[in-house]
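Everything quoted here is computed from the prediction, not taken from an experiment.
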Amino acid sequence: MSIPAFGVGTFRLQGQVVIDSVRNALDVGYRAIDTAQIYENEAEVGQAIAESGVAREDLFITTKIWVPNYSQAKLAASLRDSLTKLRTDYVDLTLIHWPAPGNGVSVDEFMTALADAKSQGLTRQIGISNFPIAETRAAIAAVGRDAIATNQIELSPYLQNAALTAFLKEQGIHVTSYMTLAYGKVLKDPVIQQIASRHNATPAQVALAWALQLGYSVIPSSTKRDNLASNLLAQQLRLTSEDMAQIAALERNGREVSPDGLAAVWD
């Protein structure tokens, strides 16, 4: 099984806002949806999916296990609760949300618990999120690299994660980019804007096309139907080698998310 190249994210969207966003995304053509236990919107995402009329087999649903549920005793039960909220018998992909070093549950324990959840049919694929190289190695040691479908990481023109993405490529682990627009900061970048102008595209389409051309999956979110539809068009945009080189030069280690107690030491 493969990870869809393009999906819709739901981070920080709740209530009617997330219902409308997911409904609009499905209506304009999205078929992959990314959520998480800590987003506290799985029930609303499930409602939007149920009301959309889109067949379950046509969708790719991702959720993420939150830190208090990492233990062998809790993980599968928490995922069953997520399935109830999402109104589905399974999800397509379940990720460990953060390494959370020092929380009392080892990488070996939570990855083994996640693999067990897969064996129970609760999830089709498993993976990790926000894992640097050392923690990815530990996850590989626990379940094998072939079992890890993706590492979902913050990645944008301002944070290109060269060492980590090279390691993941070497291991055959797919990269999913989140926060590809860096909270909208890259949309104001003059280089991105110039490239967009040359291609008669939007800055968002340029940033997303950049990630897609590097082989990454993207999961941008939006509360606006027009933006959801516009973002999808990034899949048709082909950047030149010069464009890609200009974007590569924008690297500035511009990390936006690194919560204390959850993040491990970044590469």
Residues in side-chain hydrogen bond (donor to acceptor under 3.5 Å, both in side chains) with Gln72, at least two apart? Asp116
Does anything in residues 171-185 pair up under side chain to side chain donor-acceptor pair (under 3.5 Å), and if so which pairs, sequence neighbours excluded? Asn130-Tyr178, Arg145-Gln171, Thr150-Thr176, His174-Ser217, Ser177-Thr180, Lys185-Glu256
Hey, could you give me the CD1/CE distance between Ile195 and Met244, rounded to the nearest 0.5 Å? 9.5 Å
Residues forming a side chain to side chain contact (heavy atoms under 4.5 Å, CB included) with Asn227, sequence neighbours excluded: Ser222, Lys224
Between Leu155 and Gln160, is any pair of side-chain heavy atoms under 4.5 Å apart? no
Please collect all salt bridge (charged side-chain N to carboxylate O under 4.0 Å, His left out) contacts where either partner lies in residues 243-252, sequence neighbours excluded, each pair once. Asp189-Arg252, Arg198-Asp243
Where at least one partner belongs to residues 44-59, residue pairs that pass salt bridge (charged side-chain N to carboxylate O under 4.0 Å, His left out), sequence neighbours excluded: Arg56-Asp92
Taking only residues two or more places apart in sequence, or in another chain, which ones meet Lys85 in a salt bridge (Lys or Arg N to Asp or Glu O under 4.0 Å)? Asp81
Is there a side chain to side chain contact (heavy atoms under 4.5 Å, CB included) between Ile192 and Leu250 once you walk through the steps? CA-CA 9 Å; Ile192 298 289; Leu250 297 178; 3.9 Å; yes
Ring pair (Phe, Tyr, Trp, His ring centres under 6.0 Å) contacts touching residues 118-142 (sequence neighbours left out): none
Test of understanding: with side chain to side chain contact (heavy atoms under 4.5 Å, CB included), list the residues that count as partners of Ile38, not counting sequence neighbours. Ala36, Trp66, His97
For residues 147-167, which residue pairs pass the salt bridge (charged side-chain N to carboxylate O under 4.0 Å, His left out) check, not counting sequence neighbours? none
Partners meeting side-chain hydrogen bond (donor to acceptor under 3.5 Å, both in side chains) with Ser258 (sequence neighbours left out): Trp266
d(Ile33 CD1, Thr63 OG1) to nearest 0.5 Å is 11.5 Å
Run the side chain to side chain contact (heavy atoms under 4.5 Å, CB included) test against Glu40 and tell me which residues pass, sequence neighbours left out. Gln14
Provide the full list of salt bridge (charged side-chain N to carboxylate O under 4.0 Å, His left out) pairs with a residue in residues 128-139, sequence neighbours left out, each pair given once. none
